[in-house]
Number of protein chains: 2
Amino acid sequence: MEQSLPYDNRIDSESSDQVVNPWEVSAKDGGKIDYDKLIDKFGCKRLDESLIDRVERLTGRQPHKFLRRGVFFAHRDFNEILDAYESGERFYLYTGRGPSSEALHLGHLIPFMFTKYLQEAFKVPLVIQLTDDEKFMWKNLTVEESERLARENARDIIACGFDVTKTFIFSDFDHVGGAFYKNMVKVSKCVTLNKAKGIFGFSGEDHIGKLSFPAVQAAPSFPSSFPHLFPGMDKLRCLIPCAIDQDPYFRMTRDVAPRLGYSKPALIESSFFPALQGENGKMSASDPNSAIYVTDTAKDIKNKINKAKSGGHQFSEDQHNLGADLEKDIPFKYLSVFLENDSELELVRKQYGEKKGNMQTGDVKKRVTEILTEIVERHRRARAAVTDEMVEAFMAVRPLPSMFE
Amino acid sequence: MEQSLPYDNRIDSESSDQVVNPWEVSAKDGGKIDYDKLIDKFGCKRLDESLIDRVERLTGRQPHKFLRRGVFFAHRDFNEILDAYESGERFYLYTGRGPSSEALHLGHLIPFMFTKYLQEAFKVPLVIQLTDDEKFMWKNLTVEESERLARENARDIIACGFDVTKTFIFSDFDHVGGAFYKNMVKVSKCVTLNKAKGIFGFSGEDHIGKLSFPAVQAAPSFPSSFPHLFPGMDKLRCLIPCAIDQDPYFRMTRDVAPRLGYSKPALIESSFFPALQGENGKMSASDPNSAIYVTDTAKDIKNKINKAKSGGHQFSEDQHNLGADLEKDIPFKYLSVFLENDSELELVRKQYGEKKGNMQTGDVKKRVTEILTEIVERHRRARAAVTDEMVEAFMAVRPLPSMFE
């Protein structure tokens, strides 16, 4: 199925090559991430048209715009998940978030928006891991602060519209233990220190908590980690929607799974949502000017988009004669991620990106500002409506009797 | 208080030096363990007469024979525990067992017999950790088998006579999670991979589960790991009775404690109970002829003691003229550990170990056989009386309201 490179060939060296791992994403020499190279290196596959067509056929609805536009662009065994689904089997979804910051930006919402679509389209249960333990270990946060951020982030996640009858949100500090801990230990027993160093690049000066953590992120890939959700369903397959920087965790998980008698989790992986200043990495929660936050006002959004890196021309004559460089145009990139209407997007692509068009940079910025403002305001309203009781309900350890309906 | 050697100086090299760590105990060149050297190397202290006298004064009873005979011979901060106790503070005891085998031998019972004495003499609560996760990770056992062995071993431990109103027995697979997991993660964050390698000798081919485990053994040293037992008692000190091969775990724990705002656990440490074939290590559960098991019959015990390494002389004339070499005499060693009566022991020491005595090897073997048979039969009766309900009662997560009475 996939390339079986030795792990050492996959280490991100400290050369000027692009670096993509769960803690660092940076392009070669400040350029753009080369996703083709990343697919080769990681050994995953490109999500091609035929798979997207299959999704449309199987779900009876138009595939999500993040599929149509290539935001989710790579996978591992997604075809097998569709095979199984077609033959009447079900699966479950697993995604997560490391709660290091109070305010989420639009890049953080992308996997959740997409996961919500998958949950609705395939009618499947979903587990969402909040890795408060990870953030405590990697960041300068107390346990209590990590736990608080996990619950604040849970509100944002719930605001994306998940179905409480099909969704279990948990934090590691709450949930590690019992069957989940057994799976952590089983995974840990199968991964040597050398292998962990090869996959994650850990050094001798890293603390042993970091060495322990990959098993925590691996455990939710196995249904037996959730006896309250999936009793007697040890063969239920798992599909993980995530950004491609999380691939190392699941490469390790997939490597270990057969030795534990478990199914390998399948993956569907997104590219990084570009920063406002340009597309050479992912947006950073620690640089407020690099991203649109769900807490930004309409005015903030307008100002940020106006300052965003453009591929258009300052003078309308140049713009008309040359067309914008869409590859470098962040407002257009944002539009192509968030604009629902395919024909409107195609129109902008032509009128702005090609010669002799009649759209200026300002027009595109205005349109994307409208769309993002609407998304952010909708999110803010939805988040304000999330009560403590709803958070409790999503995080309660409980069966989900109608999870496949 | 203690020597602050850099960890690297404490690594057991692969030379012919003695090796003492939680997984290997072997003397230099097949000789005897040099406990003075071990104390120097580990940086703990010898348990001297003045401390034993203080124990007698504070508890108002004769110190346990394991103290009088130097079976427990080393400590860390035991004097501080006694200071605190004298000024009216209480503490709690923590000990444990790695459940790798069904049948315990007498060496396994020693820390439990001693801990029972400490619990009674000081009127303090006790937590007993069954490290089923450790045994799963180090041995060729399934999770289920490790869990079963933990419960079987719990029966043997309960048979030692612990007070259920003051004792909480737990297995890691049951109990890791919540406050306990938070302390694991806090400890892990303070220990670098290099430090763990220095303390425990882990190599790149060891699996990451081994790297994670020291934090599991550290966590019970802190009262906040047991919110059901010690709510609001974060300053309660912990005393750990254990064999000295466990010292590396608690050296690490003590190093980390102040950085977490926690008290360092104190330790009281035993030497190794010698194998029947001679005193160059500890008894091994994997070699049935090296030890007296609690499942041995009277006949087994008699046969094993008869074959044990002796320091006496074959001919009674030599024995009378020379006396036995007590340093090499395993039956006498066993007698000096298990015979309650000090004056009888002194008599044997003279009549057997000195010139012109009137005791032969056979006499000593007969006496120790009687004593061990009695201990083993008492244990077997006590173990048979341990019901499933009693195991449940000791292992129930519950407060212990009369734990200091």
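Source: prediction; values computed, not measured. Chain A is the first sequence line, chain B the second, and so forth, proteins listed ahead of strands; every chain is numbered from 1.
Contact check for B:Thr192 versus A:Ile208: no side-chain heavy atoms found under the 4.5 Å cut-off. Between A:Phe213 and B:Val185 the shortest side-chain heavy-atom distance does not fall below 4.5 Å.
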Could you go through the side chain to side chain contact (heavy atoms under 4.5 Å, CB included) check for A:Lys195 and B:His207 one step at a time? CA-CA 9 Å; A:Lys195 198 179 261 190; B:His207 60 69; over 6 Å; no
**Prompt:** Given A:Asp133 and B:Tyr181, is the side-chain hydrogen bond (donor to acceptor under 3.5 Å, both in side chains) satisfied, shown in steps?
**Reply:** CA-CA 9 Å; A:Asp133 53 350; B:Tyr181 178 60; 2.5 Å; yes
query: Passes side chain to side chain contact (heavy atoms under 4.5 Å, CB included), A:Glu205 versus B:Leu193? Steps please.
result: CA-CA 6 Å; A:Glu205 284 310 304; B:Leu193 174 55; over 6 Å; no
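For B:Lys186, the parts lying near chain A are the backbone and the side chain together; criterion is any non-hydrogen pair under 4.5 Å. Heavy-atom distances place no part of A:Ala215 under 4.5 Å from chain B, backbone and side chain included. Interface residue B:Val143: only side-chain heavy atoms are found under 4.5 Å from chain A.
The closest donor-acceptor contact from the side chain of A:Lys189 to the backbone of B:Phe136 lies under 3.5 Å.
Atoms CE and SG, from B:Met137 and A:Cys190 in turn, are 11.5 Å apart once rounded to the nearest 0.5 Å. Once rounded to the nearest 0.5 Å, the distance linking OG of B:Ser188 with CG of A:Leu211 reads 9.5 Å. Atom CE of B:Met184 sits about 7.0 Å away from atom OG of A:Ser212, to the nearest 0.5 Å.
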